[in-house]
Amino acid sequence: MEELNELLQQRRAKVKSYQDAGVNPFANDFVVNHNAQQVLEAHTDDDKETLEEVEATYRIGGRIMARRDFGKAAFLQLQDGSGRIQVYVALNQVGEEAFENFKKLDIGDIIGVSGSPFRTKTDELSVRAAEIRLLTKSLLPLPEKWHGLTDVEIRYRQRYLDLIVNPDVRAVFRKRSQIVSLLREYMLASDYLEVETPMMHQIAGGATAKPFVTHHNTLKMDLFLRIAPELYLKRLVVGGFDRVFEINRNFRNEGISIQHNPEFTMMEFYRAYATYSDLMYFTEELICHLASKVCGSLVIPYGEKEVDLTPPWDRLTLKESIVKYGTADMPVLEDRDQSFAYAQTLGLALDSNIGHGKLLAEIFDEVVEPKLWQPTFITEYPTEISPLSRKNDQNPEVVDRFELFIVGRELANAFSELNNPLDQKERFLQQLEEKAAGDEEAHGMDEDYIRALEYGLPPTAGEGIGIDRLVMLLTNSASIRDVILFPQLRPEIS
RNA sequence: GGGCCGGUAGCUCAGUUGGCAGAGCAUCUGACUUUUAAUCAGAUGGUCGUGGGUUCGAUUCCCCCCCGGCUCACCA
């Protein structure tokens with residue numbers, strides 16, 4: 001048996017002492033009929049005298065977060081899923097036996113209380129306990145009441161504890177849930193069909209990223225956790241579902257940072273008979289809808305600054321943005337070798353064979369992306385780095401694609417879909433060449449996807465929105481780990 | 001993976017120019033029937049992240065490692 005420190009021994013001893021006294025320390029027979037918020041709301045307008053006349057009995061359940069004792073009476077702070085309420089416990093109200101059991105309760109214990117509302121001397125609406133019972137004995141002490149829990153490692157590893165003691169954290173995850181609900185509502189109202197496509201792929205497609213590999217024993221084959229649902233969703237558009245969306249996890253075997261978690265949530269959606277341009281308007285409306293519902297304003301704080309989401313958002317081509325935020329002129333960017341020379345002046349370490357398109361993307365990442373604080377659509381991405389996007393009719397060097405940047409981060413990526421199977425096959429072949437040349441993230445050939453396109457994908461536009469980053473923006477969170485309940489960490493050392 | 005910073009009581013943190021390890025809260029004992037970080041009196045609680053090295057002696061100095069944060073690289 002492991003050695004327990006004093007605090008833990010004391011709590012285990014209390015379990016035994018309750019059992020010896022015939023009290024079940026893990027009871028499940030207390031009926032709760034109200035929560036803290038309901039009780040508080042029911043009597044917000046009742047003053048002290050009015051409340052004396054009120055004959056109501058509430059049965060509430062929750063965790064003891066604080067207690068202040070006075071010998072034969074005490075105040076408790078009871079916390080449940082809705083908030084906190086003060087409970088007053090007095091010997092002459094609950095009786096001697098119950099009061100003895102009450103005295104052994106610890107902060108962290110979960111109790112049931114029945115009683116009536118009243119206001120204290122300081123006018124705080126409270127519940128005067130007629131009955132108070134232990135429902136779940138807590139064996140581990142909670143963090144300190146004043147400073148709470150700040151150690152981020154414990155907060156992430158033991159999120160349950162973080163949620164118990166940090167109301168701000170609870171608020172962020174409630175908002176996350178609200179955002180996802182609103183998104184779903186909005187998409188359904190816009191006539192999109194919600195679907196679920198495979199998480200385990202035989203070919204890791206739809207994005208450029210390193211996949212996680214897993215293995216199916218019976219089929220005796222390796223599978224990839226999906227890096228994107230894109231190719232499956234477009235198969236569904238081929239199948240006749242003109243508007244589809246999926247909100248689900250993607251897995252990418254890349255670095256971890258304040259804006260990257262190995263598994264992250266993406267909403268991807270596809271709309272037939274639309275263009276990437278249509279999606280820019282849709283994206284503005286969608287995100288503004290969410291911001292006004294969740295934040296109550298289109299001007300929202302982020303870090304030390306503000307973000308103004310009021311449409312219309314800035315639109316720049318990739319090259320225009322480099323001219324605006326960098327130090328190169330348009331003619332330099334039009335020329336591959338001059339662009340390369342410019343990139344070198346930025347200190348970028350580049351393969352000397354790098355293509356013009358990749359070069360521009362590298363330059364953009366370096367000089368533009370961090371500066372796009374206010375919402376900005378960047379368009380005219382190089383075809384070279386967009387193997388699934390439709391080439392622009394006027395200039396086949398670029399595709400009909402945009403990415404949305406807010407607070408210096410990519411939030412969404414969208415394009416008119418490449419629906420010409422012959423072109424798509426060529427692009428895949430090009431990707432295979434790059435893979436052979438050592439690009440681990442180059443796209444693999446997906447013959448069945450080509451076959452689907454051969455049956456005919458209507459002209460379609462599609463988009464992916466990073467939900468974690470969207471939640472970060474709308475909850476003013478600095479790290480993706482603050483909006484993912486259980487972020488990935490190394491194993492805990494025992 | 002590289003750089004920087006951190007890991008001391010259940011929690012939040014001090015501290016030791018190398019010599020028995022400190023506070024507040026929590027906990028325990030006692031007092032108190034209207035508190036709001038309640039108050040008052042007393043008490044308990046530590047392999048100072050792990051493993052080595054130097055030293056009469058290491059939590060402190062040195063080295064390896066582990067875990068975390070930020071950052072760079074990669075990416076969304």
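Sequence lines set the chain letters: A, B, ... in the order given, protein chains first and strands last, and positions in each chain run from 1. Only heavy atoms go into these numbers, but all of them, side chains included; no hydrogens, no water, no symmetry mates.
- With sequence neighbours left out, the salt bridge (Lys or Arg N to Asp or Glu O under 4.0 Å) criterion links A:Glu268 to no other residue.
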Between side-chain atoms of residues 477-489 of chain A and protein atoms elsewhere (two or more places apart, or another chain), which donor-acceptor pairs fall under 3.5 Å?
residue	atom	partner	partner atom	Å
A:Ser477	OG	A:Thr475	OG1	2.8
A:Ser479	OG	A:Arg481	N	3.1
A:Asp482	OD1	A:Tyr156	OH	3.0

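- Taking A:Arg119 as the reference, nothing meets the side-chain hydrogen bond (donor to acceptor under 3.5 Å, both in side chains) condition, with sequence neighbours excluded.
- A:His201 meets the side-chain hydrogen bond (donor to acceptor under 3.5 Å, both in side chains) test with no other residue; sequence neighbours excluded.
- Taking only side-chain nitrogens and oxygens, A:Arg68 never comes nearer than 4.0 Å to OP1 or OP2 of B:U35.
- The listed nucleotides are B:U12, B:U35, B:A26; the one nearest the side chain of A:Lys145 is B:A26.
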Atom pairs, N/O to N/O, protein against nucleotides 28-31 of chain B, distance under 3.5 Å?
residue	atom	partner	partner atom	Å
B:C28	OP1	A:Lys14	NZ	2.5

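- A close approach under 4.0 Å does occur between a side-chain nitrogen or oxygen of A:Arg490 and OP1 or OP2 of B:C67.
- Put simply, A:Thr120 has no side-chain N or O that comes within less than 4.0 Å of OP1 or OP2 on B:U35.
- Taking the six-membered ring where the residue is Trp, A:Phe364 and A:Tyr381 present perpendicular rings, their angle passing 60° and hence far from 30°.
- Taken residue by residue, residues 128-141 of chain A places heavy atoms nearer than 4.0 Å to RNA chain B at A:Arg128, A:Pro141.
- Legend: ring-ring contact (aromatic ring centres under 6.0 Å, His included) pairs involving residues 128-147 of chain A, not counting sequence neighbours: none detected.
- By the salt bridge (Lys or Arg N to Asp or Glu O under 4.0 Å) test, A:Asp80 pairs with no residue at all, sequence neighbours left out.
- Between B:C74 and A:Lys210, no contact under 4.0 Å exists linking OP1 or OP2 to a side-chain N or O.
- Using a 4.0 Å cutoff on non-hydrogen atoms, no part of residues 381-390 of chain A comes near RNA chain B.
- For the strand RNA chain B, secondary-structure stems (runs of at least three Watson-Crick or G-U pairs, all distances below 3.5 Å) span B:1-7 with B:66-72, B:10-13 with B:22-25, B:27-31 with B:39-43, B:51-53 with B:61-63.
- Annotation: salt bridge (Lys or Arg N to Asp or Glu O under 4.0 Å) contacts of A:Asp20 (sequence neighbours excluded): A:Lys16.
- Among residues two or more places apart in sequence or in another chain, the salt bridge (Lys or Arg N to Asp or Glu O under 4.0 Å) test is passed with A:Arg176 by A:Asp468.
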